[in-house]
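Predicted model only: the values in this text are computed from it and were never measured.
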Amino acid sequence: MLSVQRLHKCYCNTLFLSHSVYDGTCVKIFTMAENTQMDRITSAKTVFLWFTPRSLSTAFEKCVASMDGSEIWHEPYHACYINSILSNKEDIETFPCIPTWLKRVEKIMIQIQETGHAFNGGNLTPGEQFKYDWVKDRLEKPLDEGATFRFIKDTACSIDGRYDKLPKISTKHTFLLRHPHRIALSLRRLQVHCYDHGGDPDDFDLGSGHPVAPWKKLSLDPLYNLWKYVRENIDPNPVVIDTDDLQTHPEKILRKYCEAVGVPFKESYLEWAGSDEIVKSYHGPLEQIIWGREEPCFDAAFLSSSFLPLQSEIPETVPEKCKGYVENIMEGYRVMYETRIRPE
């Protein structure tokens, strides 16, 4: 059986880009040259989209990626959060499920080592680079050539209690809501798959035992806490949108969102290419994105081409072992929901 240390090494170091050389077991990467063009505008527009996992954020990200002048950052702080857990033996032992997940990652990476992957030649960066200070520094640097705004979508849990690691530049913080019942059922499906839960899904405790549930280093509702921090310290009126509104009234919500963050809206932004070719242009952790593409995490969103209409009403209740998780985030959802951009 593979050790946790070797699995962690595989996650952090089994990397695949177009300029790779093999050492027999893993792949070593030539790091991309640092950008030395210092004459770019340093006060460039930066927009954060914060969310709780399973909130359709990756589809929204792909929509924004189709907008003129966008520079996309895919969950850089979440990669830092995962690395911080994997580098701490005590934290790893907090989550018995992590070795199972890492084995899934290793299996996919070995397959890709043999066959390559879809994002050769892109902007994605080896996951081992993602440390909080490194990300903060990168986000404070000038935009890519030709970009007019930087869009960073990330989990609120990844910055929980680490607000000092946010970039010290002018930013617009926005928040994506989804009803907690929808989140819980979607998150449970993903977790049951990732951690090879072979029994009845109703026996899976969503409220503990995995890194996006509350534990000693994570508050009960990171999204709500971050929203309150932004209101009190950065922007008294952060932008909030709800996924049900977005799916029901995509043109109205997207138009108002663009207006709120200062990005000119075009009706063409309501549809985008159905392939995942654009993901090459993203900045983000290579392994996380490849894993998410191969597993039922980012796969559908990467191939999306529009916001699909709602297929069902909000479930009236959730299974018993999801209720604790839902209760933790319901109050914050209700408070933030009242401040959201409305379609009217």
Side-chain angles (χ1 to χ4, degrees), residues 49-60 78 94-98 100-101 153 155-158 160 174-228 240-250 253 292 295-301 304 307-344:
L49 180 74
W50 301 105
F51 59 94
T52 299
R54 311 313 291 168
S55 294
L56 307 185
S57 65
T58 307
F60 192 86
H78 194 76
T94 302
F95 304 108
C97 60
I98 282 183
T100 299
W101 171 70
K153 82 108 170 174
T155 59
C157 66
S158 65
D160 196 42
T174 70
F175 295 81
L176 181 62
L177 295 180
R178 194 182 192 194
H179 192 280
H181 287 182
R182 294 195 192 278
I183 285 178
L185 294 176
S186 178
L187 182 59
R188 187 182 70 162
R189 283 194 297 271
L190 179 62
Q191 303 288 49
V192 164
H193 171 80
C194 290
Y195 304 134
D196 290 340
H197 179 77
D200 186 338
D202 286 347
D203 293 334
F204 185 86
D205 186 0
L206 191 63
S208 64
H210 58 88
V212 297
W215 62 298
K216 64 181 180 181
K217 295 185 179 180
L218 200 64
S219 65
L220 294 179
D221 191 348
L223 188 68
Y224 186 37
N225 289 336
L226 177 57
W227 177 79
K228 289 187 290 185
V240 177
I241 58 174
D242 180 76
T243 58
D244 278 22
D245 289 339
L246 182 64
Q247 290 183 269
T248 305
H249 306 282
I253 298 300
E295 297 276 3
C297 185
F298 305 141
D299 55 338
S304 67
F307 297 113
L308 298 177
L310 286 170
Q311 300 297 311
S312 62
E313 297 295 322
I314 296 171
E316 292 185 3
T317 187
V318 294
E320 191 65 31
K321 290 195 173 182
C322 293
K323 288 182 178 179
Y325 180 84
V326 166
E327 290 171 1
N328 290 337
I329 63 175
M330 183 61 82
E331 178 187 357
Y333 168 80
R334 287 171 173 162
V335 173
M336 295 174 67
Y337 186 80
E338 291 303 313
T339 72
R340 77 194 190 283
I341 290 176
R342 300 170 190 262
E344 296 83 11

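The shortest side-chain heavy-atom distance between F307 and L56 does not fall under the 4.5 Å cut-off.
Listed by first then second residue, pairs satisfying salt bridge (charged side-chain N to carboxylate O under 4.0 Å, His left out) with a partner in residues 180-194 read R182-D244, R188-D202, not counting sequence neighbours. Among pairs with a residue in residues 208-218, those fulfilling salt bridge (charged side-chain N to carboxylate O under 4.0 Å, His left out) read E90-K216, D91-K217, at least two apart in sequence or across chains.
Annotation for V212 and P53: closest pair CG1-CG, 4.0 Å, computed over non-hydrogen atoms. Minimum interatomic distance between L185 and P315 (heavy atoms only, all atoms of both residues): CD1-CG, 3.7 Å. Shortest non-hydrogen contact noted between P211 and I98 is CG-CD1, 4.3 Å. For the residue pair F60 and L246, the shortest heavy atom distance occurs at CD1-CD2, 3.6 Å. Nearest heavy atom pair, residue G207 against residue P214, reads O-CD, 3.9 Å.
The OG1 atom of T52 lies 6.0 Å from the CG atom of D221; values are rounded to the nearest 0.5 Å. Note that CG of L176 is 5.5 Å distant from OG of S55, once rounded to the nearest 0.5 Å. R178 contributes atom CZ, which lies 8.0 Å from atom CZ of R54 (distance to the nearest 0.5 angstrom). Here the OG1 atom belonging to T243 is positioned 7.5 Å from the CG atom belonging to L310, to the nearest 0.5 angstrom. Considering CZ of F298 and OG of S304, their distance stands at 12.5 Å, rounded to 0.5 Å. Atom CD1 in I241 sits 6.5 Å away from atom CG in L49 (nearest 0.5 Å).
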From CA spacing to verdict: ring-ring contact (aromatic ring centres under 6.0 Å, His included), W101, F95: CA-CA 10 Å; W101 171 70; F95 304 108; over 10 Å; no
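Residues satisfying the ring-ring contact (aromatic ring centres under 6.0 Å, His included) test with H179, not counting sequence neighbours, are H181, Y333. In terms of the side chain to side chain donor-acceptor pair (under 3.5 Å) criterion, residue partners of S158 (sequence neighbours excluded) are, by chain and number, D154, T155.
No side-chain donor-acceptor contact under 3.5 Å links D160 to the backbone of L218.
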Which pairs would a plain distance check flag for residues 321-332, meaning a side-chain donor or acceptor within less than 3.5 Å of a matching protein atom at least two apart in sequence or in another chain?
{"residue": "K321", "atom": "NZ", "partner": "D203", "partner atom": "O", "Å": "3.4"}
{"residue": "K323", "atom": "NZ", "partner": "E320", "partner atom": "OE1", "Å": "3.2"}
{"residue": "N328", "atom": "ND2", "partner": "G324", "partner atom": "O", "Å": "3.3"}

Return a table of donor-acceptor pairs under 3.5 angstrom between the side chains of residues 336-343 and protein atoms on other chains or two or more places apart.
{"residue": "Y337", "atom": "OH", "partner": "R340", "partner atom": "NH2", "Å": "3.3"}
{"residue": "T339", "atom": "OG1", "partner": "M336", "partner atom": "O", "Å": "2.8"}
{"residue": "R340", "atom": "NE", "partner": "D245", "partner atom": "OD2", "Å": "2.7"}
{"residue": "R340", "atom": "NH1", "partner": "Y337", "partner atom": "O", "Å": "3.1"}
{"residue": "R342", "atom": "NH2", "partner": "E338", "partner atom": "O", "Å": "3.0"}

